[in-house]
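Read the numbers this way: they start at 1 and go in the same order the structure lists the ligands and their atoms. Just so it is clear, the structure is predicted and the values come from calculations on it, not from any experiment.
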Amino acid sequence: MNKIVFATNNANKLREAAEILAPLGIEVISQREAGADCDPEENGATFAENAMIKVKAVYDIVKIPVFADDSGLCVNALDGRPGVYSARYAPKGQECAKLLEEMKDIPDNNRAASFQCVIAYMDEKGIFTVNGGCIGKIGYEEKGTNGFGYDPVFVVGDKTMAEMTAEEKNALSHRGAALRALYEMLAKG
Ligand code: IMP
């Protein structure tokens with residue numbers, strides 16, 4: 001099985017990546033397991049810039065294949081916010097409540113949103129990026145206890161992402177799509 005380091009300290013992201021890539025023959029290990037105890041400043045203006053910052057910082061230390069993701073929620077009625085600032089929009093655990101408050105007067109026909117994910121991959125040959133997206137809408141209350149971040153308010157079909165099983169979320173999520181695109185690129189050689 002090929003081993004790739006995931007440049008993240010987020011246990012939820014790590015679990016999702018391992019669930020998606022293990023059946024494809026790729027073992028994902030955390031940056032900490034690989035000996036890279038760093039947390040570079042994500043000061044890029046785009047998801048791609050931030051993913052590149054993270055992948056380069058960890059690759060410089062471990063010198064084996066690494067990928068990093070940068071992801072976030074883009075809400076149409078908020079002109080794409082919180083976007084690249086999704087992790088800093090509110091203190092951890094309060095992001096859904098803050099978003100629901102900000103959206104309280106937004107009507108049903110203007111609640112569309114998307115999760116975006118850019119993965120940067122780096123090995124001795126160089127660096128590339130792949131993308132994934134997932135379209136949904138912002139609900140009116142928090143529902144479900146699975147997942148993390150904005151999952152309890154992000155509705156796809158008749159469920160929030162926090163009401164989905166891991167398999168259901170991975171099959172339609174932005175990170176699932178980007179990880180499958182990464183696999184396709186690696187499989188091409
Ligand atoms: P970063 O990619 O580590 O900079 O963080 C992105 C932020 O976007 C996370 O802290 C979450 O708040 C949010 N986010 C990214 N992906 C997801 C997801 O799959 N579900 C819910 N929230 C997410």
[atom]: nearest protein contact (heavy atom, Å):
{"atom": "atom 22 (N) of ligand 1", "result": "Y150 N, 3.2 Å"}
{"atom": "atom 8 (O) of ligand 1", "result": "S86 CB, 3.4 Å"}
{"atom": "atom 3 (O) of ligand 1", "result": "K13 NZ, 2.8 Å"}
{"atom": "atom 15 (C) of ligand 1", "result": "S71 OG, 3.2 Å"}
{"atom": "atom 20 (N) of ligand 1", "result": "D151 OD1, 2.7 Å"}
{"atom": "atom 5 (O) of ligand 1", "result": "A87 CB, 3.7 Å"}
{"atom": "atom 16 (N) of ligand 1", "result": "R175 NH2, 2.8 Å"}

Side chain, backbone, both or neither: the part of M161 lying under 4.0 Å from ligand 1 by heavy atom: neither
Proximity of F148 to ligand 1 by residue part, where a heavy atom lies under 4.0 Å: both
Which residues satisfy the side chain to side chain contact (heavy atoms under 4.5 Å, CB included) test with A48, sequence neighbours excluded? T46, V118
Indicate yes or no: does [X] engage [Y] in a salt bridge with an N to O separation below 4.0 Å.
{"X": "E101", "Y": "K104", "result": "yes"}
{"X": "E163", "Y": "K143", "result": "no"}
{"X": "K159", "Y": "E168", "result": "yes"}
{"X": "R88", "Y": "E42", "result": "no"}

Taking only non-hydrogen atoms of G72, do any sit less than 4.0 angstrom from ligand 1? yes
Check for me whether L73 has a heavy atom closer than 4.0 Å to any atom of ligand 1. no
Stepwise salt bridge (charged side-chain N to carboxylate O under 4.0 Å, His left out) check, K63 with E124: CA-CA 8 Å; K63 304 280 188 213; E124 74 285 353; over 6 Å; no
Could you please spell out the steps behind the side chain to side chain donor-acceptor pair (under 3.5 Å) verdict for E142 and Y150? CA-CA 9 Å; E142 295 184 43; Y150 300 90; over 6 Å; no
Considering distance alone, does some N or O of E16 sit under 3.5 Å from an N or O of ligand 1? no
Is the shortest N/O to N/O distance between K92 and ligand 1 below 3.5 Å? no
Would R15 pass as a cation-pi partner of F148, given that its NZ or CZ must be under 6.0 Å from the six-membered ring centre and within 45 degrees of the axis? no
Between C38 and I61 the two heavy atoms that sit nearest each other are SG-CD1, 3.9 Å
Find all atoms of ligand 1 within a distance of less than 4.0 Å from any non-hydrogen atom belonging to K169, and give their numbers and elements. 18 (C), 19 (O), 20 (N)
